[in-house]
Number of protein chains: 2
Amino acid sequence: MNNGRFATSIHILTLLEQAGEELLSSEYLASSININPVLVRKEVSNLRNHGLVATKEGKNGGSYLAKPAAQIKLADVYKAVRNESLLGYNKNEPNPACPVGRQINQHLDELYDIAELAVLQKLGNITLAEFCHRFK
Amino acid sequence: MNNGRFATSIHILTLLEQAGEELLSSEYLASSININPVLVRKEVSNLRNHGLVATKEGKNGGSYLAKPAAQIKLADVYKAVRNESLLGYNKNEPNPACPVGRQINQHLDELYDIAELAVLQKLGNITLAEFCHRFK
DNA sequence: TCATTCTGTAATTTTAATTATTACAGTACA
DNA sequence: TGTACTGTAATAATTAAAATTACAGAATGA
């Protein structure tokens, strides 16, 4: 996960938390993050699919937290944006004719699972509310 | 760290461990990993700078472990290839006029430090020798 | 000594991933 | 019914990663 999706999602959620009841538009969110509003809408869409955000369409629409920030763990955000592995694989398949090449990915999997569980455990201990509190 | 550098380095070190005294060429390593030999030489060069690998130049040259596999922790490998943060930032600077944008990266830093320490702790518990043992 | 086979590294090209942009339909409001 | 939003697809631009080319330098050994 080397792209900015986790950072983007945390940023969005932090802004929504600070806004309280107020709805924030993708335009507004995008200008704080400094990325394109379409990307924000995609990311919001993903967060919505994971039950973290809700959106009201149409005029004066925008997004807000789908549940209290105290009930959102940062691990939930990680899970929502997780796509590839934490530590990365090579694009190409290793050589299956080589005893090491044949098994390496399976053993890397085990390793990455361990690493990812450790991260999830840490991020599971922090709520969005706690994180946002640092901004005050 | 979403590129294949960690995977590449682990793969290289595993091959070197299995080879024992024997020197392995970048050509050979590359054919197991299935990447370009120049990339292997760059990665070997990095591992050498971190004291994990040694190389003999010239004809019949190649690489070998600079120290026993039992003395190499996977955390050492992580540190050797670490470049960006574990969970990623946005390319663009957040809006400094926004209270959240102004502080977000600093708070993400704290978060990423926590996550990375957890990973390092886990990878610090596993030696290259233990990892390689799984291939036998 | 000199051809051979390696490494080291710079420069460039190719490929792939990410981000940005454009476009437009659909929704809600006033 | 015009305005201001979201949703999403399609495409373009940008950036990062990987591959390739090229060649100098090191060690070997015939």
Side-chain angles (χ1 to χ4, degrees), chain A residues 1-9 11-12 15-16 19 22-50 53-64 66 81-85 87-95, chain B residues 1-9 11-12 15-16 19 22-50 53-64 66 81-85 87-95:
Chain A
M1 180 148 37
N2 209 8
N3 58 11
R5 289 189 59 211
F6 181 77
T8 297
S9 282
H11 197 145
I12 290 170
L15 289 166
L16 296 183
E22 196 187 346
L23 302 199
L24 300 183
S25 73
S26 62
E27 196 78 38
Y28 177 86
L29 296 170
S31 88
S32 171
I33 306 172
N34 193 17
I35 62 172
N36 193 283
V38 176
L39 276 191
V40 170
R41 295 204 285 267
K42 271 189 191 156
E43 212 50 49
V44 163
S45 166
N46 179 57
L47 293 169
R48 187 171 50 245
N49 291 337
H50 285 83
V53 160
T55 302
K56 187 182 167 201
E57 290 189 22
K59 193 172 180 181
N60 303 325
S63 300
Y64 55 99
V81 300
R82 183 192 191 294
N83 52 353
E84 301 263 326
S85 73
L87 295 172
Y89 292 93
N90 280 300
K91 282 270 118 46
N92 308 337
E93 284 297 307
N95 188 344
Chain B
M1 179 144 44
N2 209 9
N3 59 12
R5 287 190 60 211
F6 182 77
T8 297
S9 283
H11 197 145
I12 289 170
L15 288 165
L16 296 183
E22 198 186 347
L23 302 199
L24 299 184
S25 73
S26 62
E27 195 78 38
Y28 177 85
L29 296 168
S31 88
S32 171
I33 306 171
N34 193 16
I35 61 171
N36 192 282
V38 175
L39 274 191
V40 170
R41 296 204 283 270
K42 271 189 192 154
E43 212 49 49
V44 162
S45 166
N46 179 56
L47 293 169
R48 187 170 53 244
N49 291 337
H50 285 82
V53 158
T55 302
K56 187 182 164 199
E57 290 189 21
K59 193 171 178 181
N60 302 323
S63 299
Y64 55 98
V81 300
R82 184 192 190 296
N83 51 353
E84 301 263 326
S85 72
L87 296 172
Y89 293 94
N90 280 301
K91 280 273 119 42
N92 308 338
E93 285 297 308
N95 188 344

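This structure is a prediction, so every number in the text was calculated from the model and none was measured. Residue numbering restarts at 1 for every chain, and letters A, B, ... go by the order of the sequence lines.
A search for side-chain contact (heavy atoms from CB on, under 4.5 Å) contacts involving B:Asn34 returns A:Asn92, not counting sequence neighbours. Not counting sequence neighbours, the partners of B:Ser32 by the side-chain hydrogen bond (donor to acceptor under 3.5 Å, both in side chains) test are B:His11. Partners of B:Ala66 under the side-chain contact (heavy atoms from CB on, under 4.5 Å) rule, at least two apart in sequence or in another chain, are B:Ala54. A search for side-chain contact (heavy atoms from CB on, under 4.5 Å) contacts involving A:Glu27 returns A:Ser25, A:Pro37, not counting sequence neighbours.
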Q. What do the steps show when you test A:Thr8 against B:Asn90 for side chain to side chain contact (heavy atoms under 4.5 Å, CB included), and what is the final call?
A. CA-CA 7 Å; A:Thr8 297; B:Asn90 280 301; 3.1 Å; yes
Q. Hey, mind stepping through A:Thr55 and A:Ser63 against side chain to side chain contact (heavy atoms under 4.5 Å, CB included) and telling me if it holds?
A. CA-CA 4 Å; A:Thr55 302; A:Ser63 300; 3.3 Å; yes
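Regarding B:Asn3, its CG atom lies at a distance of 12 Å from the P atom of D:dA16, rounded to whole Å. Note: CG (B:Leu23) to C1' (C:dT5) measures 13 Å, nearest angstrom. For the pair A:Asn90 CG and C:dT15 P, the computed distance is 18 Å after rounding to whole Å. The interatomic distance linking B:Arg5 (CZ) with D:dA19 (P) rounds to 14 Å, in whole Å. Across the protein-nucleic acid pair, A:Asn92 atom CG and C:dT15 atom P stand 13 Å apart, rounded to whole Å. One can place OH of A:Tyr89 at 15 Å from P of D:dA18, the figure rounded to the nearest angstrom. What separates CD1 of A:Ile33 from P of C:dT19 is a distance of 12 Å, to the nearest Å. The CD1-P distance, from A:Ile12 to D:dT6, rounds to 11 Å in whole Å.
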Run the side-chain donor-acceptor check on residues 38-45 of chain B: report pairs under 3.5 Å with partners two or more places apart or on a different chain.
residue : atom : partner : partner atom : Å
B:Arg41 : NH1  : B:Ser26 : OG           : 3.1
B:Glu43 : OE1  : B:Arg5  : NE           : 3.1
B:Glu43 : OE2  : B:Arg5  : NE           : 3.3
B:Glu43 : OE2  : B:Arg5  : NH2          : 3.2
B:Glu43 : OE2  : B:Ser9  : OG           : 3.2

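Heavy-atom minimum distance, A:Glu84 versus A:Arg82: O-NH1, 3.5 Å. Looking at every heavy atom in both residues, A:Leu87 comes nearest to B:Phe6 through O-CB, 3.8 Å.
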List, with names and distances, any nitrogen or oxygen atoms from the protein found under 3.5 Å away from nitrogen or oxygen atoms belonging to nucleotides 8-10 of chain D.
residue : atom : partner : partner atom : Å
D:dT8   : O4   : A:Arg41 : NH2          : 3.3

Pairwise N/O distances under 3.5 Å, protein to nucleotides 27-30 of chain C:
residue : atom : partner : partner atom : Å
C:dT27  : O4'  : A:Glu57 : OE1          : 3.2
C:dT27  : O2   : A:Gly58 : N            : 3.3
C:dA28  : N3   : A:Lys59 : N            : 3.3
C:dC29  : OP1  : A:Lys56 : NZ           : 3.0

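Judged by closest nucleotide on DNA chain C, B:Glu27 is the one of B:Glu27 and A:Ile35 placed further toward the 5' end.
Between B:Ser26 and the phosphate of C:dT7, there is a side-chain N or O to OP1/OP2 separation shorter than 4.0 Å. Residue B:Asn36 places no side-chain N or O under 4.0 Å from the OP1 or OP2 atom of D:dA18. Phosphate contact (OP1/OP2 of C:dA17, side-chain N/O of A:Asn83, threshold under 4.0 Å): absent.
Of the candidate nucleotides C:dT7, C:dA20, D:dA19, C:dT7 has the atom lying nearest to any side-chain atom of B:Ser25.
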